[in-house]
Engineer: 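Attaching a single structure in structure tokens format; questions to follow.
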Amino acid sequence: MPNRATSLPIFQNPKAMESKNKARYDVVILGASGFTGKYVVREALKFLNVPSSPLKSIALAGRSPSKLSQALKWALGPNKGPLPDIPILTADASDPSSLAAICSQTSLLLNCVGPFRLHGDPVVAACAAAGCDYLDISGEPEFMERMEAKYHDRAAESGALVVSACGFDSVPAELGLMFNSRQWVAPAVVNSVEAYVSLESEKKIVGNFATYESAVLGVANAKQLQELRRSRPRKARPTIPGPPPSKGSTIEHQKKLGLWAVKLPSADAIVVRRTLSTLTENPRGLAGVNESADSVTKREAFWSSMKPAHFSVKIGTKSLLGILRIIMVGIFIGLLGNTGLGRWLLLTFPSVFSLGWFCKKGPSEEEVESASFKMWFVGKGFSNESNASQGNKKPDMEVITRVSGPEIGYITTPIILVQCALIVLSQRNNLPKGGVYPPGIVFGPTDLQEKLEKNGMSFDVISKSSISS
């Protein structure tokens with residue numbers, strides 16, 4: 001077993017061994033042997049040393065060199081060409097010195113070690129101290145907001161750009177809202193956007209256990225999140241034309257989309273609100289550390305076309321029975337997640353209490369390949385902004401857009417994370433110097449949407465229509 005944070009190339013050659021202590025990697029992937037981590041490695045390898053790609057070197061990091069080696073072999077697949085020289089770094093989230101060591105060897109760390117409220121804080125702390133950029137795939141609001149409270153100032157000072165939720169949570173929601181918002185051309189204005197997430201598969205849908213564990217711990221830590229928010233200055237709120245939308249019924253039949261839906265207590269709405277709050281304080285967006293004039297013009301034009309809206313997320317299925325199943329799982333987690341015994345039951349028997357949606361071993365590759373998602377954005381607003389100021393007026397216009405792509409946890413999430421990483425590597429001067437931010441405010445003005453469209457995701461305008469009041 002090598003010492004903490006030492007480099008052990010799995011495919012050794014003399015030159016690599018001679019220079020391993022001096023190596024500096026474009027990207028280090030922490031937690032590369034985990035369920036999602038190995039898919040992130042596979043996705044990153046597609047862009048390693050490819051012409052026009054900024055990714056020239058990768059290292060994998062985690063607690064077990066043998067598991068990292070196995071994950072790398074899996075990610076490489078039946079490769080008949082020369083094997084790439086991918087170093088293995090031993091690091092543990094509970095060992096600050098090992099984290100400091102890997103941060104000193106890279107400019108960008110991708111963190112795949114969840115649940116993040118248990119393992120993420122020391123990693124963010126190490127990056128903020130070292131000035132190392134950081135991206136993760138967390139969908140945990142309490143973790144994200146706590147990291148902002150604890151490390152934003154330090155990261156801004158050191159030049160570490162820290163961005164969570166760079167996966168299915170919550171980039172499709174952020175970019176999807178922005179895409180819908182930009183379809184509203186003056187004098188029309190948007191008032192509200194409801195997102196409907198629909199997960200589809202030809203086989204059984206099986207989720208990531210870490211996602212389920214994060215949901216259980218989220219219930220357990222709900223009070224801490226409220227206390228954190230009360231202890232912080234009140235966030236700026238955007239000015240949105242027209243009155244706030246009504247809450248509506250618990251279960252909705254969205255006939256235009258062919259879905260039954262119920263409100264989803266996910267991170268997406270919280271992350272979007274953080275972006276809109278930051279945008280309210282910085283109407284032209286966040287200036288880059290060494291931004292070109294063209295980038296300034298592009299950024300300011302982008303945000304001037306972005307109109308804030310009330311935002312919420314619902315999960316939808318094609319049958320009412322599917323919605324009742326979702327509600328039942330929510331009841332289990334809500335009731336049992338508040339006690340130690342209840343959490344033990346939930347986490348020991350995930351397949352039972354999630355009604356088969358989550359299990360510790362994760363989905364098979366066939367189940368992953370057969371799954372996909374659609375995220376519909378139903379925007380409602382006013383055909384003329386002057387109508388919004390009249391209190392008795394209801395929205396008279398609707399714009400429906402859609403973001404779609406492959407399976408959310410193991411394919412879409414790695415695609416998003418890697419594309420965000422490539423933007424950080426290639427466009428760093430146009431991004432903020434440092435600080436802790438949600439993904440939308442950082443990547444919104446970039447070409448992230450175009451990159452995602454080239455890698456298996458779609459952004460579509462479905463309809464624009466008048467609605468009766």
Side-chain angles (χ1 to χ4, degrees), residues 111 116-117 120-121 124 127-128 133-156 160-181 190 192-195 214 218 221-222 224-240 244 263-287 299 302-303 306-313 375 377 416-417 420 424 431-446 448:
N111 188 10
F116 289 86
R117 63 169 43 88
D121 188 314
V124 175
C127 288
D133 292 335
Y134 168 100
L135 306 177
D136 72 32
I137 52 175
S138 170
E140 304 168 35
E142 193 263 346
F143 166 76
M144 291 185 273
E145 294 186 35
R146 192 171 296 281
M147 294 306 95
E148 181 183 12
K150 290 182 68 174
Y151 299 116
H152 176 79
D153 291 343
R154 183 71 183 95
L161 183 59
V162 176
V163 188
S164 288
C166 294
F168 181 76
D169 289 326
S170 293
V171 169
E174 293 244 74
L175 295 190
L177 171 63
M178 294 174 193
F179 181 70
N180 186 286
S181 175
V190 63
S192 68
V193 177
E194 283 190 308
S214 295
N221 290 281
Q224 287 93 319
L225 177 57
Q226 295 304 319
E227 290 172 0
L228 172 64
R229 288 175 175 169
R230 285 194 293 267
S231 70
R232 302 192 66 200
R234 193 175 184 86
K235 290 279 189 179
R237 292 188 177 184
T239 300
I240 300 172
K263 187 174 181 180
L264 180 66
S266 73
D268 287 344
I270 295 169
V271 172
V272 164
R273 284 197 289 271
R274 287 179 62 211
T275 286
L276 293 178
S277 176
T278 306
L279 183 61
T280 302
E281 297 170 346
N282 305 270
R284 296 180 178 180
L286 301 176
R299 168 173 54 81
F302 177 87
W303 289 121
M306 169 65 189
K307 305 167 188 67
H310 300 284
F311 183 72
S312 61
V313 182
M375 195 167 188
F377 295 79
I416 295 171
L417 180 63
C420 288
V424 171
L431 304 179
K433 174 189 173 183
V436 181
Y437 297 107
I441 196 69
V442 174
F443 296 111
T446 71
L448 178 57

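Hydrogens, waters and symmetry mates are skipped; everything else that's a heavy atom, side chains included, is used.
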Engineer: Hey, what do you get for CZ (Phe116) to OG (Ser164), rounding to the nearest 0.5 Å?
Structural biologist: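 Separation between the atoms: 7.5 Å.
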Engineer: On a heavy-atom basis, which atom in Ala155 and which in Val436 lie closest, and how many Å separate them?
Structural biologist: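 Answer, listing the atom of Ala155 first, then Val436: CB-CG2, 4.4 Å.
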Engineer: Suppose we screen for side-chain hydrogen bond (donor to acceptor under 3.5 Å, both in side chains). Which residues come up paired with Asn111, at least two apart in sequence or across chains?
Structural biologist: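 With sequence neighbours excluded, Asn111 shows a side-chain hydrogen bond (donor to acceptor under 3.5 Å, both in side chains) to Tyr134, given in chain and number order.
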Engineer: What's the spacing between Arg274 CZ and Tyr437 OH if we round to 0.5 Å?
Structural biologist: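 Nearest 0.5 Å value for the CZ-OH distance: 10.5 Å.
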Engineer: List in chain and number order the residues that pass salt bridge (charged side-chain N to carboxylate O under 4.0 Å, His left out) with Asp133, two or more places apart in sequence or in another chain; answer none if no residue qualifies.
Structural biologist: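 Asp133: salt bridge (charged side-chain N to carboxylate O under 4.0 Å, His left out) contacts with Arg428.
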Engineer: Between Arg232 and Glu145 (salt bridge meaning N to carboxylate O under 4.0 Å), is one present in this structure?
Structural biologist: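 Glu145 and Arg232: not salt-bridged.
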Engineer: Do Glu140 and Asn221 make a side-chain contact, defined as non-hydrogen atoms from C-beta onward lying under 4.5 Å apart?
Structural biologist: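 A side-chain contact under 4.5 Å is absent here.
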Engineer: Quick check: do Leu286 and Trp303 have side-chain heavy atoms less than 4.5 Å from each other?
Structural biologist: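 In short, these two side chains do not touch, never coming nearer than 4.5 Å.
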Engineer: Could you report the tightest heavy-atom contact between Ala149 and Leu228, atom names first, then the distance?
Structural biologist: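 Taking every non-hydrogen atom into account, CB-CD1, 4.2 Å.
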Engineer: Strictly distance-based, threshold 3.5 Å: is any side-chain N or O of Ser312 a donor or acceptor partner for the main-chain N or O of Glu194?
Structural biologist: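 Here the side-chain-to-backbone pair does not exist.
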Engineer: Calculate, to the nearest 0.5 Å, the distance between atoms SG and CD1 belonging to Cys166 and Ile137 respectively.
Structural biologist: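 Interatomic distance, Cys166 SG to Ile137 CD1, rounded to 0.5 Å: 10.0 Å.
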Engineer: I need the single residue from Val272, Ile240, Thr280, Leu279 that forms a side-chain contact (heavy atoms from CB on, under 4.5 Å) with Pro308. Which is it?
Structural biologist: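 So, applying the side-chain contact (heavy atoms from CB on, under 4.5 Å) to Pro308 and each of Val272, Ile240, Thr280, Leu279, only Ile240 qualifies.
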Engineer: Report yes if the side chains of Met144 and Pro438 come closer than 4.5 Å at any heavy-atom pair, otherwise no.
Structural biologist: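 Heavy-atom side-chain distance check fails, nothing below 4.5 Å.
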Engineer: With a 4.5 Å cut-off on side-chain heavy atoms, are Ile416 and Pro172 touching?
Structural biologist: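 Counting from C-beta outward, Pro172 and Ile416 do come under 4.5 Å.
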Engineer: With a 4.5 Å heavy-atom cut-off, do Met375 and Asp268 have their side chains touching?
Structural biologist: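 In short, these two side chains touch, coming nearer than 4.5 Å.
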Engineer: Can you see which heavy atom on Ala236 is nearest to which on Ser277, and at what distance?
Structural biologist: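 Closest approach of Ala236 to Ser277: O-OG, 2.9 Å.
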Engineer: Test Phe443 against every option in Val171, Val163, Leu175 by the side-chain contact (heavy atoms from CB on, under 4.5 Å) rule and name the one that passes.
Structural biologist: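 Looking at Val171, Val163, Leu175, the match for Phe443 under the side-chain contact (heavy atoms from CB on, under 4.5 Å) is Val163.
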Engineer: Of the non-hydrogen atoms in Val271 and Ser170, which two are nearest, and what is the gap between them?
Structural biologist: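 That would be CG2-OG, 3.6 Å.
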Engineer: With rounding to the nearest 0.5 angstrom, report the NZ to CZ distance, Lys235 to Arg229.
Structural biologist: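 Answer rounded to 0.5 Å: 10.5 Å.
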Engineer: Look up atom OG1 in Thr275 and atom CG in Leu177, then write down how far apart they are to the nearest 0.5 Å.
Structural biologist: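 The OG1 atom of Thr275 sits 9.0 Å away from the CG atom of Leu177.
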Engineer: Over all heavy atoms of both residues, which pair between Phe143 and Ser138 is shortest? Give the atoms and the distance, please.
Structural biologist: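 It is CD2-OG, 3.6 Å.
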Engineer: Compare every heavy atom of Pro238 with every heavy atom of Leu276, then report the nearest pair and how far apart it is.
Structural biologist: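 Looking at all heavy atoms of both residues, the closest pair is CB-CG, 4.1 Å.
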Engineer: For Phe311, check ring-ring contact (aromatic ring centres under 6.0 Å, His included) against everything at least two apart and list the hits.
Structural biologist: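 None.
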Engineer: Strictly distance-based, threshold 3.5 Å: is any side-chain N or O of Ser181 a donor or acceptor partner for the main-chain N or O of Met306?
Structural biologist: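 No: the side chain of Ser181 does not pair with the backbone of Met306.
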Engineer: With a 4.5 Å heavy-atom cut-off, do Val124 and Glu148 have their side chains touching?
Structural biologist: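 The answer is no; the side chains never approach within 4.5 Å.
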Engineer: Would you check if Asp121 and Tyr151 make a side-chain contact, meaning some heavy-atom pair closer than 4.5 Å?
Structural biologist: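 The answer is yes, as the side chains (C-beta and beyond) meet within the 4.5 Å cut-off.
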Engineer: Look at the side chain of Asp169 and the backbone N and O of Ala267, then say whether any donor-acceptor pair between them is shorter than 3.5 Å.
Structural biologist: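 No; judged by distance alone, with no hydrogens or angles, the pair does not exist.
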Engineer: Do Gln224 and Arg146 have side-chain heavy atoms sitting under 4.5 Å apart?
Structural biologist: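 Side-chain contact under 4.5 Å: yes.
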